[in-house]
Amino acid sequence: QVQLVESGGGSVQPGGSLRVSCAASGRICRIADMGWYRQAPGKERELVALATSGGSTNYADSVKGRFTISRDNAKNTVYLQMNSLKPEDTAVYYCNARLEATWSLCSYSRTDTYWGQGTQVTVSS
């Protein structure tokens, strides 16, 4: 059983900072991509940042220069450091991971995509 659990959401004033975390647990053999998505009320879910197993990172244009994604592979955890937050950043932030997991041996692992439950980030004065 694989689970992604987000933490660190909350309310902050414009210009403030917040760091959200996502920890993956279960019988995980390898984590490929880990990323963050967000969804505001009435809008589609969008990719915010992505970190690949090879060390590459990608960001949505709206957050470039303000957000930083990082990974701690030893802890199966991905972070999103959010600086200079704006009201338009308000959304539920979801962790996403593409990983290999198994019920027995990693030789028999299966690659699947998993989602966290989401954590609310509110930016307002």
Side-chain angles (χ1 to χ4, degrees):
Q1 179 174 301
V2 174
Q3 288 185 309
L4 304 181
V5 180
E6 299 105 329
S7 62
S11 182
V12 66
Q13 293 183 338
S17 297
L18 206 62
R19 189 181 77 159
V20 290
S21 304
C22 173
S25 62
R27 304 182 73 172
I28 299 169
C29 298
R30 187 181 73 91
I31 298 179
D33 304 329
M34 295 191 79
W36 289 93
Y37 291 72
R38 67 185 181 188
Q39 187 168 22
K43 297 184 178 180
E44 296 182 350
R45 188 173 299 186
E46 64 173 342
L47 176 66
V48 177
L50 179 69
T52 71
S53 60
S56 298
T57 58
N58 296 290
Y59 298 92
D61 289 339
S62 59
V63 306
K64 284 182 178 178
R66 300 188 297 120
F67 290 11
T68 303
I69 188 171
S70 60
R71 293 173 58 161
D72 186 337
N73 291 325
K75 297 180 179 179
N76 291 334
T77 300
V78 63
Y79 307 92
L80 185 67
Q81 178 67 46
M82 300 178 285
N83 298 325
S84 302
L85 283 162
K86 304 174 181 179
E88 49 264 44
D89 295 319
T90 296
V92 177
Y93 284 70
Y94 296 92
C95 178
N96 174 270
R98 182 170 63 88
L99 55 83
E100 297 177 8
T102 187
W103 56 270
S104 59
L105 302 175
C106 283
S107 297
Y108 303 125
S109 63
R110 180 190 299 273
T111 300
D112 286 303
T113 299
Y114 296 88
W115 290 92
Q117 80 286 351
T119 184
Q120 177 70 46
V121 173
T122 301
V123 185
S124 65
S125 57

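Computed from a prediction, not measured in an experiment: that's the story for all the values here.
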#### Entry: Point-to-point distance, once rounded to the nearest 0.5 Å, from CZ of Arg30 to OG1 of Thr102
14.0 Å

### Task
Scan for salt bridge (Lys or Arg N to Asp or Glu O under 4.0 Å) pairs involving residues 81-91, sequence neighbours excluded, and state none if there are none.
Arg38-Asp89, Arg66-Asp89

### Rounded distance (nearest 0.5 Å) linking atom OG1 of Thr111 with atom CD of Glu100
4.0 Å

### Message
If we ignore hydrogens and angles and just use 3.5 Å, is the side chain of Ser21 paired with the main-chain N or O of Tyr79 as donor and acceptor?
### Response
no

### For Ser104 against Arg27, the heavy-atom pair lying closest together
O-NH2, 3.4 Å

### Task
Establish whether Val121 and Leu80 are linked, either directly or via other cluster members, by ILVMFWY side-chain heavy-atom contacts under 4.5 Å.
yes

### Query
Looking only at heavy atoms, what is the nearest atom pair of Ser17 and Asn83, with distance?
OG-OD1, 2.9 Å

### Query
Quick one: ring pair (Phe, Tyr, Trp, His ring centres under 6.0 Å) pairs with a partner in residues 101-125, sequence neighbours left out?
Tyr37-Trp115

### Query
Taking atom CG of Leu47 and atom CG of Asn58, what is their separation to the nearest 0.5 Å?
7.5 Å

### Task
Indicate yes or no: at least one non-hydrogen side-chain atom of Glu6 is less than 4.5 angstrom from one of Val20.
no

### Query
Minimum heavy-atom separation for Pro14 to Ser125, with atom names?
CD-N, 3.7 Å

### Message
Looking at every non-hydrogen atom in both residues, tell me the closest pair between Val12 and Gly16 and how far apart they are.
### Response
CG2-CA, 3.7 Å

### Task
Tell me whether Ile69 is reachable from Leu18 by hopping between hydrophobic residues (I, L, V, M, F, W, Y) whose side-chain heavy atoms are closer than 4.5 Å.
yes

#### Entry: Within one Ile-Leu-Val-Met-Phe-Trp-Tyr cluster: Tyr94 and Phe67, side-chain cutoff 4.5 Å
no

### Summary
Smallest heavy-atom separation, Ser53 atom then Arg71 atom, equals N-NH1, 3.3 Å

### Task
Let me see the working for Val78 and Cys95 under side-chain contact (heavy atoms from CB on, under 4.5 Å), right down to the final yes or no.
CA-CA 8 Å; Val78 63; Cys95 178; 3.8 Å; yes

### Query
Nearest 0.5 Å, what's the CD-CD distance between Gln39 and Glu44?
8.5 Å

### Message
Nearest 0.5 angstrom please: Leu50 CG to Trp36 CH2, how far?
### Response
13.0 Å

### Summary
Closest heavy-atom pair, Gly118 versus Val92, reported as atoms and distance to 0.1 Å, is CA-CG1, 3.8 Å

### Task
Starting at OG1 of Thr77, measure out to CD1 of Ile31 and round the result to the nearest 0.5 Å.
8.0 Å

